[in-house]
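Accompanying notes for the structure given below.
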There are 2 protein chains.
Amino acid sequence: MTTQSRATLADVARLAGVSSKTVSRVFAEAGNVSADTREQVLVAAKRLRFRPNNLARSLRRGGVTNTVAFVIGDLTNPFYFHVAAGIERELALRGLTMVLATTDDSPDSEERVVDALISQRVRALLLIPIADDQSYLEGERQLGTPVVSVDRPARNLLADSVVLQNRLGMAEAVRSLTAIGHRKIGFISNPSAMYTQRERLAGYREALREVGVVETAQWERLDDDPDISPELAVQSLLDLPDSPTAIVAGNNRGSAGAVRVLRNLKPPVAFIGFDDFELADALGISVVAYDTMELGRTAARLALDHLADPGAFTQQIEIPTRLIHRGSGEILPPR
Amino acid sequence: MTTQSRATLADVARLAGVSSKTVSRVFAEAGNVSADTREQVLVAAKRLRFRPNNLARSLRRGGVTNTVAFVIGDLTNPFYFHVAAGIERELALRGLTMVLATTDDSPDSEERVVDALISQRVRALLLIPIADDQSYLEGERQLGTPVVSVDRPARNLLADSVVLQNRLGMAEAVRSLTAIGHRKIGFISNPSAMYTQRERLAGYREALREVGVVETAQWERLDDDPDISPELAVQSLLDLPDSPTAIVAGNNRGSAGAVRVLRNLKPPVAFIGFDDFELADALGISVVAYDTMELGRTAARLALDHLADPGAFTQQIEIPTRLIHRGSGEILPPR
DNA sequence: ACAGATTTAGACAACGCTGACATTTGTGTT
DNA sequence: AACACAAATGTCAGCGTTGTCTAAATCTGT
């Protein structure tokens, strides 16, 4: 249990009989080291189990680290994780590592968490904005840290952003329902992600307006109350005197709820969800899908581009969505 | 676009008219600073948008950082990210952040990835071992970095570990099938996670042996070939002349495949999966479940304990599993 | 064989912070 | 008013690395 201390450049240098700068050159792959010395240094390093200290290196280099932060609201949503996976992959290609931080969906903690990350001198900041004001990041951005806003645009901050084709995707879904005769279409969503839900709602209304349906309030379930489960929202739609013949969900939580309620319903109700999910194919659930990992990859790429060219213009990228027909969205309205 | 440089302790000190040590005391919350000076320092810091440099701090403090690494094989498996969520939560309570690194399920890259993390002086290392030898971590462990092996024990390394009750959980599942008369029970699994699958297979065989069934090879599908999808494995069982009346799956991938094939089968085949999954309740799929987040939380806690008391004994913790009856596991064998 | 170019190696300081220690200022006691 | 003692503040060096600069060793071509 001897807790010896860690070997440093100097220790290796002493053992190899060279200067610490030479050891540094070997490990920084800076060249100009003869094959012989190089070999000796490596042997000594291995003997001492030497690992270069990245803290010191980053400090010396002016605070440039190899880590990029991804700030997330809530880790338990599989959506975020796929995004994270995409980010991680893209970063790994450039030898960067990802640190993951969560704000527990609390707007207050966002700035605290981000502050802590800045203290760690992350190279870039990717975040899913929760708070309704990201202006606190303006200074950081000016200092050259790329900030990329994921899934929703940042507020009061000029930053790159990657979002989905929310409005269009949802409009397409609803259009596919109106095309086969549906007019009474319910919309359920949980609005924790305000921006995306608002956009999707707009797409829903837009598509209905195209076929002359303007009064949609009665079919919209956007309860703020987290206690109102998607299941209840769906049920409340079915309980309406003039109940919908089709339902669309604004996100995967809604889909899961809808699936539970709608399965084995006597006169079947058509359904299309936003966000694909595991087994949706087996269940025959039509969804508006998109490449979640690509969302992450694109975000990472934007950050990396900005790192490479700090003067680059800010970009807003939209990830395309596509409607996948699996049956539940093709159910005809009862005659 | 002025890329000014970042403010340092010294800058703040100058503006506030105090020494940099005083500023340091304010930010390190080290006390012994009068309310007045404290206030002035904070004002100056805010004006300069000062953020303490954690790199320098960690370096000065002897390489003690606030980050804990979690090394994962493949981010896309929902299992891993629930574990990660648990870890993140537990760490956040102690003000630590999690860095996530993946090895792409490649044994070769494991050591490289871990090396890089050590260079970053992570405070502790949690990993899901992929390579079949973790002895390369021995030095690190001796240097005082807690190493916790998650989901499988480490090999050739004395480290804490948290695993599931694999054998018992699977044995219980199979016993519940034999109890209602099943004798011909198929086992499918993809062996990317060798250890867990071996254990679960052992549990399966054990339970069958208890009722006198010893020859099980024909019903085991453990193909190494990643091209053989779980769907095909299930199908091949059904195609047997003496086909099983029940099937158990060694992991969630297998369950997903089984669900696809088994749904709407004429004489229904009983099924129990290992690992719970979204909508399993709606689909009526019986599973061996456990608290995935707890797995992560426990791992993090082990690491933190070791950090608090470096001399603590290594522990092997088993997370309990429980069989959830939802219908698919209660299907009786055809008479 | 020799000047000049090039490659290899080392000395030194500094990145931003804090621990150890020194010094100043404030408070309470008699 | 003089003293002991605690609180507030400052000085300085060094954590492990690398950029800059300089010196020595080695390689060119004629």
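For clarity, every value in this text was computed on a predicted model and none was experimentally measured. As a basis for the values below, the full set of heavy atoms in this structure was taken, side chains included, without hydrogen atoms, waters or symmetry mates. Lettering of chains follows the sequences in order, A, B, ..., and the numbering in each one begins at 1.
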Taking all heavy atoms of A:Q40 and all of A:A16, pick out the closest pair and write down the distance.
-> OE1-O, 3.5 Å

What one should report as the nearest heavy-atom pair of B:P146 and B:R123 is CD-O, 3.3 Å

Atom CG of B:N32 and atom P of D:dG10 are separated, to the nearest Å, by 13 Å

Rounded to the Å, how far apart are B:D11 CG and C:dC15 P?
-> 11 Å

Does B:A159 offer a backbone N or O that forms a donor-acceptor pair with the side chain of B:R141 under 3.5 Å?
-> no

Measure from the side-chain N and O atoms of A:E110 to the backbone N and O of A:A131, and report whether any donor-acceptor pair falls under 3.5 Å.
-> yes

If you round to the nearest 0.5 Å, how far is CD of A:Q315 from NE2 of A:H306?
-> 7.0 Å

Ignoring hydrogens and angles, state whether a donor on the side chain of B:E140 or B:T145 is under 3.5 Å from an acceptor on the partner side chain.
-> yes

Decide whether B:S106 and B:D104 meet the rule of one side-chain donor and one side-chain acceptor closer than 3.5 Å.
-> no

Per-nt protein contacts along nucleotides 16-23 of chain D (heavy atom under 4.0 Å; B base, S backbone sugar-phosphate only, - none) come out as BBBBB---

Is the shortest distance from a Lys or Arg side-chain nitrogen in A:E294 or A:R89 to a carboxylate oxygen in the other one below 4.0 Å?
-> no

Positions of residues 36-46 of chain B (non-hydrogen atom under 4.0 Å from DNA chain C), listed by number = none

Check whether any side-chain nitrogen or oxygen of A:S19 sits under 4.0 Å from OP1 or OP2 of C:dA9, and answer yes or no.
-> no

